[in-house]
Each structure stands twice: as C-alpha cells, then as structure tokens.
Participant: 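One structure, as structure tokens, below. Some questions next.
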Amino acid sequence: MEVIIKPDYEAMSKAAALVVAEILNTKPNAVLGMATGSSPLGVYKELVRLHNDEGLDFSQVTTFNLDEYVGLSIKHSQSYHHFMHENFFRHVNIPSQNIYIPSGTTKNYQAFCQWYEQRIEQCGGIDVQLLGIGSDGHIAFNEPTSSLSSRTRLKTLAKQTIDDNARFFDRREDVPTYAITMGVGTILESRKIVLLASGENKAEVVAASIEGPITSMITASALQLHPSTLFYADEQAASKLKMREYYDWIQEKKPGAPPI
Ligand code: GLP
C-alpha cells in the first residue's frame with residue numbers, strides 16, 4: 001500500500017484524478033470502478049475539467065459502481081444513480097450502455113448480484129477502483145464484520161452508517177435500511193485501487209486501516225492484502241498515522257528510486 005498525504009482535499013483530488021487519467025491515456029477502454037459520497041467528488045470535478053479542457057476521452061470507458069441503496073428509484077435525489085449522473089456521467093462522454101450501477105429496485109437481488117459479478121468479469125475486470133471510507137471503516141457498504149472474501153450482495157446498513165447518511169435525507173427514517181454492494185473480495189480483485197479520505201472524523205479509521213491489524217471490523221484494512229493500492233489522505237485524515245514520517249520520506253525519495 002502506498003500512503004500519499006496531501007495538504008488538502010483539492011490537492012488530494014487532483015493527484016488521484018491524474019492517476020485515473022494516466023490509466024485512460026494508456027488504456028482508453030479501461031474499466032473504472034466508481035464510488036459515491038463526498039470523498040470522490042473532487043476527483044470527478046477534476047476528471048470533468050480534464051475532459052473539457054484537455055480532451056480526456058471517455059468514449060471507450062466502461063464503469064461499475066460500488067453500491068446502491070435498496071428501495072430508492074433511480075430518480076430519487078439520494079440514489080447513487082442520481083448522484084453519479086449529476087456529478088459525473090452527464091458531464092463526460094461515457095456511452096450510457098457502458099455504465100453499470102447496482103439496482104436498488106430489482107425483484108431478484110440474488111440473481112442481480114450474480115449477474116453484476118459476471119458483467120465485471122466479462123468486461124475484463126476493473127482496472128482502477130475509486131473508494132471512499134465510512135466513519136466505521138467500511139468500503140462501499142461492507143459494514144463491520146463483512147466477510148473479507150464477500151462478493152456483490154445485499155447488506156443491512158449499520159446504525160452508524162444510517163446516522164452518517166441521515167444528513168442527506170429529510171428525516172432519519174427516510175434513510176434506507178438495506179443496500180446492494182460489491183463485496184470486499186470483489187473490490188480486492190481490481191487491478192488498482194485509489195482510496196480517498198478527508199477530514200478529522202476519518203483520522204482514526206484511516207490509521208486503523210493502514211497500520212492496524214487486518215480485520216473485518218474495519219473492512220478497509222483488507223486493502224493491506226491488495227498489491228496496488230494508493231491510499232490518499234489529507235492532513236486531517238492523516239493526523240493519527242504513526243508512520244507519517246516514513247510515508248513522506250517514501251514520496252520524497254521516489255524520484256531517485258531505481259526504475260522497477
Ligand atoms: C457511503 C458509501 C461509501 C462511502 C462512504 C463515505 O457509505 N457507500 O462508498 O465511502 O459513504 O462517504 P463520504 O465520502 O461522504 O464520507
């Protein structure tokens with residue numbers, strides 16, 4: 001895992017967007033794994049800017065989103081379908097048939113989840129997966145105690161997650177209880193992972209994910225098993241890391257490192 005600490009949210013978002021852009025430059029038909037929440041918003045903003053100002057092309061791209069609330073129609077203002085359309089898809093040129101987001105309204109969740117896993121495989125697997133991190137250390141909606149080899153499935157949200165996300169809904173009771181989410185095992189199969197964490201309320205879980213034991217209590221800690229994860233944090237989110245000096249030292253010494 002490479003830990004990259006940036007002074008603020010904007011710097012972190014721009015650096016992460018550049019990683020995605022570089023992948024697209026070498027592989028224009030890359031498969032991108034998309035995330036929702038406030039953490040990746042800056043990345044989407046920068047990718048849209050690169051598309052508008054520098055001609056970054058998404059015409060051959062395929063995308064798979066991590067998760068969706070169960071029971072919200074795709075038009076609901078808090079559905080992840082709506083979030084992705086508003087914040088990213090409507091601003092770039094990804095063909096609509098190449099966009100995959102888990103369905104929160106299917107009649108058969110088990111069949112849908114199996115199909116979703118198959119589609120990822122048939123499209124060649126995910127080249128780069130964007131991730132945020134929940135305040136309980138979850139990735140996607142893989143709540144504490146999720147199996148670290150789990151696949152796409154229905155999950156019951158933790159009360160902590162419902163509390164965290166209540167700010168987006170009129171009333172706490174309106175937050176869905178269930179979600180459909182890629183599993184930790186699904187996420188770990190992505191060729192590259194780019195996680196973004198910002199703000200002081202993430203500091204504890206960021207430190208636990210990077211420096212703590214691998215545990216299903218903090219599903220982001222499973223990323224320690226992944227061979228190519230870039231873990232971006234801003235100053236506040238990085239404030240509880242014990243090995244902070246070492247991470248900065250690695251970045252400082254990177255230009256002089258022998259080519260691999
Ligand atoms: C939700 C999403 C996660 C996201 C998390 C954190 O639970 N399912 O994918 O990482 O929220 O959101 P934020 O980035 O807004 O803190």
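Whatever order the structure lists ligands and atoms in, that order sets their numbers, starting from 1.
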Participant: Looking at Glu189 and Arg151, is there a salt bridge between them, counting it only when a charged N and a carboxylate O are closer than 4.0 Å?
Facilitator: yes
Participant: Identify the protein heavy atom lying closest to atom 6 (C) of ligand 1, giving its residue, its atom name and the separation to 0.1 Å.
Facilitator: Ile133 O, 3.6 Å
Participant: Is there at least one pair of N or O atoms, one from Thr161 and one from ligand 1, spaced under 3.5 Å apart?
Facilitator: no
Participant: Run the numbers for me: atoms of ligand 1, each under 4.0 Å from some heavy atom of Arg167, listed by number.
Facilitator: 15 (O)
Participant: Out of curiosity, is Ala35 lining ligand 1, as in a heavy atom under 4.0 Å away?
Facilitator: no
Participant: Please list the nearest protein heavy atom to atom 3 (C) of ligand 1 with its residue and the distance rounded to 0.1 Å.
Facilitator: Ala140 O, 3.5 Å
Participant: Give the residue and atom name of whichever protein heavy atom lies nearest to atom 11 (O) of ligand 1, and the separation in Å to one decimal.
Facilitator: His138 NE2, 4.1 Å
Participant: Are any of the side-chain heavy atoms of Tyr69 and Phe141 separated by less than 4.5 Å?
Facilitator: yes
Participant: According to side-chain hydrogen bond (donor to acceptor under 3.5 Å, both in side chains), who are the partners of Glu121, at least two apart in sequence or on a separate chain?
Facilitator: none
Participant: What protein heavy atom sits nearest atom 4 (C) of ligand 1, and how far off is it?
Facilitator: Thr36 O, 4.0 Å
Participant: Counting only heavy atoms not in Tyr178, do more than 12 sit closer than 6.0 Å to its OH atom?
Facilitator: no
Participant: Counting only heavy atoms not in Gln236, do more than 12 fall under 6.0 Å of its CD?
Facilitator: yes
Participant: Does any N/O atom on Pro40 come nearer than 3.5 Å to any N/O atom on ligand 1?
Facilitator: no
Participant: Which residue holds the protein heavy atom closest to atom 15 (O) of ligand 1, what is that atom called, and what is the gap in Å?
Facilitator: Ser38 OG, 2.6 Å
Participant: Are Asp248 and Arg244 ion-paired here, with the side-chain N under 4.0 Å from a carboxylate O?
Facilitator: yes
Participant: Give me the residue, atom name and distance of the protein heavy atom closest to atom 16 (O) of ligand 1.
Facilitator: Lys202 NZ, 2.7 Å
Participant: Answer yes or no: is there a side-chain heavy-atom contact under 4.5 Å between Tyr44 and Met84?
Facilitator: yes
Participant: Return yes when atom NZ of Lys159 has more than 12 non-hydrogen atoms of other residues, nucleotides or ligands closer than 6.0 Å, and no otherwise.
Facilitator: no
Participant: Are any of the N or O atoms of Gly37 closer than 3.5 Å to those of ligand 1?
Facilitator: no
Participant: Which atoms of ligand 1 have any heavy atom of Phe141 under 4.0 Å away?
Facilitator: 1 (C), 7 (O), 8 (N)
Participant: Below 4.0 Å, non-hydrogen atoms only: which portion of Ile139 touches ligand 1? Side chain, backbone, both or neither.
Facilitator: neither
Participant: Quick check on contacts: which atoms of ligand 1 are under 4.0 angstrom from a heavy atom of Gly132?
Facilitator: 10 (O)
Participant: Provide, to 0.1 Å, the distance between atom 8 (N) of ligand 1 and the closest protein heavy atom, together with that atom's residue and name.
Facilitator: Asp67 OD2, 2.8 Å
Participant: Nearest protein heavy-atom contact for atom 2 (C) of ligand 1: which residue, which atom, what distance?
Facilitator: Tyr80 OH, 3.6 Å
Participant: Is the count of non-hydrogen atoms from other residues, nucleotides or ligands lying under 6.0 Å from Glu245 atom CD greater than 12?
Facilitator: no
Participant: Side chains of residues 190-198: which donor-acceptor pairs under 3.5 Å do they make with residues two or more places apart or in other chains?
Facilitator:
residue : atom : partner : partner atom : Å
Ser190  : OG   : Ile187  : O            : 2.8
Arg191  : NE   : Asp127  : OD1          : 2.9
Arg191  : NH1  : Gly124  : O            : 3.4
Arg191  : NH2  : Gly124  : O            : 2.7
Arg191  : NH2  : Gly125  : O            : 3.4
Arg191  : NH2  : Asp127  : OD1          : 3.1
Lys192  : NZ   : Ser228  : OG           : 3.2

